[in-house]
Amino acid sequence: MTSTCSAFFWTPASRALKAPLSVGDDEETSAGEENAEALAAYFREEPNDARLCAIRRTLLERQDRLQDYLDMCAEEPQEESESEEEALDDWEDDPWAAEQEAESSTSGAKNTDPPSSIPFLPLSTFLLDDLEQSALLLALHCRFRALRILKEWHSQYLWPYRFLILDAIPEHIQPSEYRHLLPSFSLSEEAETQPDTKTRRPTVDVSEQPIVKSAVDSFDSTPSSSTVTTSVPLDLHPHSSAELAQWFRARVDKIMASTGMVDMALYLVQHGASQGIAGLDELGEDLSLFSRLVYDAPRPEDWTEEDDWTFEQWQKMEPPEVITAFLKHSTQETIAHDISRLVMPYLYVLESRAERAGQPDPTIRTRLLYDYVLAAPLDVAAAVFEASKPTLPTHQRLVSNDEDIVRLALACLYGNSSIDQWSTMSRIFECMPAWDITRDTGGEDEADTTIASLGAYVKPTTSHTTSTPAELFVFFKPLPVIALSRALDVLDVHLEGGEILSRWSVAAPLQWFLLSNSDVSEQRAWANRMARRAGGVNPISGVDDWEWLLTDMLKLAGKGENGIRGAFGLLPRDEVKRIFLSGLLSSGEFEVAKTLLYKMRRLRLDPTTVEDVCLACSQEFYDNANSGNYTYGEMKMAYDCLSVPPISDRIQKEKDFIEATSRLSSYNIMSRPGIPITPIEIRLTKDRLSLVARVLATNEDAYRHPEVITELVRKLGLGDDPVSEVKTLAMLADSAMQTEDFARATENAERMVRLVLDLPIPATAPEAREARDVAWAACFTLGRQPEFNDIGKKAMLLGRALELCPPDRLYDVLAAWRKLEAEDIAAREERLATRRSGTVANIQEARKAPLVLDPVASLRSRLHDFHMPSPPLLNTPDAAALASRTFKSVTANFPFSVSSRGRSNSSVGGDREDSRSRAGTDVGEVREQASRAFQRGIGWLIGADEE
């Protein structure tokens with residue numbers, strides 16, 4: 001080959017080849033064209049020389065590649081051989097060492113591989129394949145040292161494939177390992193920097209000169225090893241800054257999508273920005289902040305999928321969402337530090353971006369931070385306020401503006417609906433600045449105006465139920481320092497009131513203090529709730545606890561040192577004491593009430609007020625009682641409650657009514673079948689005499705105890721009503737008459753008449769007229785009863801009826817009197833005839849004759865006197881029973897109704913022995929017919945209605 005090449009250079013073509021080397025630059029183009037034509041002509045004549053040139057060029061390329069391969073092998077670490085040597089060094093007494101040495105000596109002659117090689121890239125493959133294929137394979141296997149050698153000696157050849165090679169590198173590899181492969185940018189040329197050309201030989205071989213290569217290639221179409229065979233589009237021109245930035249963004253997206261390794265993407269962007277590539281600053285900021293969210297933000301112990309973030313999510317998130325994501329798992333112990341190291345850098349980035357975009361927003365940092373504080377839980381917000389105390393240095397405070405921190409605190413507290421975080425609220429209040437502002441005399445008016453306007457602002461409506469902290473911040477934002485200072489004074493009073501209410505289990509949110517500031521009804525209702533709930537839901541015991549409650553209630557009713565009213569500021573102190581006493585009594589602490597009223601004198605109330613409260617509480621117990629027995633339960637509490645105040649007419653009257661209720665309950669009165677009457681039904685009964693009538697109707701022996709019944713009427717509140725007493729005696733007389741106890745009936749009737757005659761009211765008064773009507777009707781009914789055989793008493797009763805009856809009824813009573821007088825005369829004549837007979841037996845019969853009169857003959861004589869025909873039914877033997885229903889016609893004139901138990905049950909029903917002897921088996925039917933005939937005959941006399 002050497003002789004052939006030497007001969008080649010002595011040919012005429014060699015002289016033509018040397019010619020362009022000696023010409024000037026201005027003649028280079030024309031000379032090159034002439035030389036190319038000469039060489040092409042020569043190679044057409046001497047094709048062997050053309051082939052020799054192609055072979056020489058190929059051999060030189062193979063020689064260069066061989067050297068590249070050796071350099072790459074020297075640069076690559078030989079991990080396997082090193083590990084074997086280390087293993088042999090660790091085991092000096094290797095039993096197989098001699099055998100391995102023998103095998104290596106016998107096989108040494110056959111080993112033709114180079115001393116070191118790249119496993120995945122054999123020398124033969126490297127020599128035969130295109131350089132870009134080898135470079136892609138090295139990039140795929142992360143052999144960046146070998147790639148550096150290829151780039152160093154073949155930069156011009158690999159330049160079009162630079163981005164293909166970079167894309168072949170796995171995304172999880174640290175970019176610092178292949179930073180020499182990354183594109184660089186020239187600020188002066190504003191374009192991508194191209195690598196310098198470097199060759200292994202100082203002079204270019206003739207066969208490698210461009211003229212010779214083009215001439216040989218035109219003659220011989222066989223591609224050399226360096227011919228480009230790839231079909232991928234090549235980047236032959238330097239990229240601009242925008243194009244390079246686009247490639248970096250695509251590479252970052254690829255890294256984040258496949259691995260999510262933020263640090264790899266961030267280093268890549270930082271490298272591009274360091275090269276001066278514009279448009280990567282914002283991407284680098286996003287990656288830096290996103291890395292803080294992924295690596296630095298607090299994480300929960302129970303990791304969930306919701307805590308996994310992707311860069312795609314980050315790019316779609318709004319600033320408030322980013323701040324929430326940063327602080328999602330922060331606690332009140334770490335929130336201040338997390339805001340300083342995570343949120344504040346993000347807010348500064350947003351501010352700088354707005355300035356770069358030409359839309360500066362100096363409030364963006366405070367606005368976003370304030371929005372987070374307003375939406376944060378109260379304990380987290382308290383930690384932020386503690387990190388913003390005015391006593392801290394300005395550079396350490398999260399919120400450095402004193403006015404803003406007051407506005408935030410007021411909005412957070414009044415916009416929070418919590419009723420159990422008073423200690424946290426107090427922590428927030430302690431972080432407020434203390435302004436030394438001199439207030440004039442109108443400070444109270446300013447406070448009232450501020451509270452009233454704020455209360456109107458938070459008042460619920462149909463479309464707006466509650467006010468959020470963000471909405472309240474809008475209200476407080478325009479307030480000056482003086483108004484904010486006054487609002488802090490109001491907040492201090494409200495917080496103290498909230499703690500007091502919470503202590504007694506009637507906690508209310510702070511907004512309630514604003515809404516109830518001008519609502520006396522709401523304050524009164526809450527005071528009642530406080531007094532009652534303290535002894536009901538959360539029972540307290542002992543004088544000390546109740547005295548503590550009274551002190552707190554009075555504190556809420558007064559004004560503080562700053563002149564601001566408390567939660568019960570619209571209620572007078574005496575009313576608060578009254579409400580307290582009502583709650584104390586409703587809890588059943590009567591002895592405590594006596595101690596506070598009379599021994600300790602902590603409750604200074606006038607006797608009338610104490611009496612009114614005790615009566616109201618007693619009536620409340622009474623109305624809620626299920627049983628009327630005043631020896632246990634709520635009825636007992638109603639009775640014992642009346643022992644607290646001194647005895648008075650009102651107290652005694654209520655006690656009597658409770659005793660009467662207990663007595664009525666003992667008679668088992670039913671409101672409905674099977675359901676006993678309740679105390680509330682007794683109180684709501686308008687005509688309380690009807691209750692007495694029901695007692696007499698349901699208890700056969702009740703009339704035997706007239707003193708008990710009259711005492712019951714008195715305790716029912718009717719003791720001062722003489723008409724009621726008259727009606728009571730009338731009912732007793734009627735009950736006795738129904739059971740044919742005419743002696744007691746006459747006795748009650750006589751008492752009734754005496755009472756009517758001794759009435760202390762004029763006879764013309766309506767009450768006196770009503771009493772007289774009742775009396776004469778009762779006497780008239782009893783005086784004409786057929787079963788009543790005492791003619792003298794009956795005459796007396798009819799005489800009283802004549803004395804008391806109205807003029808239009810005199811004829812009726814007089815007719816009855818005449819009949820009774822005729823009966824009395826007939827009886828006397830019969831007894832006189834019997835005496836004249838001279839026999840003792842006849843005398844005894846004559847004496848008995850008026851007691852056992854023939855009812856039929858008596859009725860017939862009465863009807864004859866009135867010139868009325870005698871009905872046929874009067875011939876029945878039991879005509880005396882016909883008068884059994886006369887009381888019903890008389891009671892039609894009574895202003896009350898009495899339930900009759902049916903006197904005829906004993907007389908008409910056949911229980912009497914003499915009735916059975918006279919009537920036989922048809923007594924009931926005869927009596928009923930006789931009664932109807934009698935009513936038709938004499939009903940018009942006594943005022944009965946025709947049936």
Side-chain angles (χ1 to χ4, degrees), residues 262 266 284-301 306-307 309 313-315 317-355 361-413 415-416 418 421 423-433 468-470 472-473 476-477:
V262 187
L266 181 60
E285 291 171 349
D286 284 338
L287 287 171
S288 178
L289 295 172
F290 183 65
S291 66
R292 291 175 180 267
L293 175 62
V294 174
Y295 299 117
D296 299 336
R299 293 290 182 181
E301 296 181 357
E306 296 180 356
D307 299 312
W309 299 99
Q313 290 176 326
W314 170 272
Q315 292 176 321
M317 292 169 65
E318 297 294 331
E321 297 176 338
V322 173
I323 296 176
T324 303
F326 273 130
L327 306 176
K328 182 178 180 181
H329 300 289
S330 298
T331 61
Q332 56 178 330
E333 291 79 13
T334 63
I335 185 66
H337 179 63
D338 293 340
I339 291 177
S340 299
R341 68 187 180 94
L342 298 175
V343 176
M344 298 307 294
Y346 173 70
L347 297 179
Y348 283 117
V349 167
L350 292 181
E351 186 176 9
S352 63
R353 285 183 182 179
E355 293 178 356
D361 186 3
T363 65
I364 189 172
R365 288 188 293 112
T366 56
R367 186 176 69 253
L368 292 176
L369 179 60
Y370 293 172
D371 290 344
Y372 172 77
V373 175
L374 292 172
L378 205 58
D379 55 346
V380 175
V384 175
F385 286 115
E386 289 177 342
S388 305
K389 289 182 178 180
T391 55
L392 297 175
T394 304
H395 66 278
Q396 295 182 6
R397 297 172 61 183
L398 296 180
V399 181
S400 57
N401 190 303
D402 289 347
E403 298 180 17
D404 285 349
I405 195 174
V406 173
R407 295 186 180 101
L408 285 173
L410 291 172
C412 288
L413 293 177
N416 191 280
S418 175
Q421 293 182 293
S423 60
T424 304
M425 296 180 188
S426 298
R427 285 171 49 200
I428 294 176
F429 181 78
E430 293 172 357
C431 300
M432 297 299 101
T468 62
L472 290 175
F473 185 75
F476 290 112
K477 193 171 183 179

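In plain terms, the two heavy atoms of Ala381 and Ala376 that are nearest each other are N-CB, 4.5 Å. Contact record, Leu374 with Ala470: CD1-CA, 3.9 Å, taken as the closest heavy-atom pair. Closest approach of Ala336 to Leu398, counting heavy atoms only: CA-CD1, 4.0 Å. The shortest non-hydrogen separation linking Ala411 to Pro469 is CB-O, 3.3 Å. Shown here for Ile405 and Ser388, the closest heavy-atom pair between the two residues is CD1-O, 3.2 Å. Here the shortest heavy-atom pairing between Tyr346 and Pro319 reads OH-CA, 3.2 Å.
A side-chain donor-acceptor contact under 3.5 Å links Thr324 to the backbone of Pro320. One N or O on the side chain of Arg407 and one on the backbone of Phe476 form a donor-acceptor pair closer than 3.5 Å. Although no hydrogens or angles enter the test, the distance criterion places no donor-acceptor pair under 3.5 Å between the side chain of Gln396 and the main chain of Pro393. Put simply, the side chain of Ser291 gets close to the backbone of Ser288: a donor and an acceptor are under 3.5 Å apart. No donor-acceptor pair under 3.5 Å is formed between the side chain of Arg292 and the backbone N or O of Ala297.
Side-chain contact between Val380 and Ser330: absent, with no pair of heavy atoms (C-beta onward) separated by less than 4.5 Å. Side-chain atoms of Tyr370 and Thr363, non-hydrogen and from C-beta on, never get closer than 4.5 Å to each other. The shortest side-chain heavy-atom distance between Phe385 and Leu408 falls under the 4.5 Å cut-off. Put simply, the side chain of Val406 reaches to within 4.5 Å of the side chain of Leu410, judged on heavy atoms. Residues Leu327 and Ile339 meet the side-chain proximity criterion, which asks for heavy atoms closer than 4.5 Å. Using a 4.5 Å cut-off on side-chain heavy atoms (C-beta onward), Ile428 and Leu378 make contact. With contacts defined as side-chain heavy-atom distances shorter than 4.5 Å, the pair Trp314/Val322 qualifies. Considering only heavy atoms from C-beta on, Thr366 stays 4.5 Å or farther from Asn401 through its side chain.
One finds the CG atom of Leu342 at 7.5 Å from the NE2 atom of His337 (value rounded to the nearest 0.5 Å). Annotation: the span from Tyr372 atom OH to Leu347 atom CG amounts to 12.0 Å, rounded to 0.5 Å. Taken from CZ in Arg353 to CD1 in Ile364, the straight-line distance is 10.0 Å, to the nearest 0.5 Å. Taken to the nearest 0.5 Å, the CE atom of Met317 stands 6.5 Å off from the CG atom of Leu293. If you take CE on Met344 and CD1 on Ile323, they are separated by 9.5 Å, rounding to the nearest 0.5 Å. Rounded to the nearest 0.5 angstrom, Arg299 CZ and His329 NE2 are separated by 6.5 Å.
Side chains of Thr334 and Thr331: a donor-acceptor N/O pair is present below 3.5 angstrom, by distance only.
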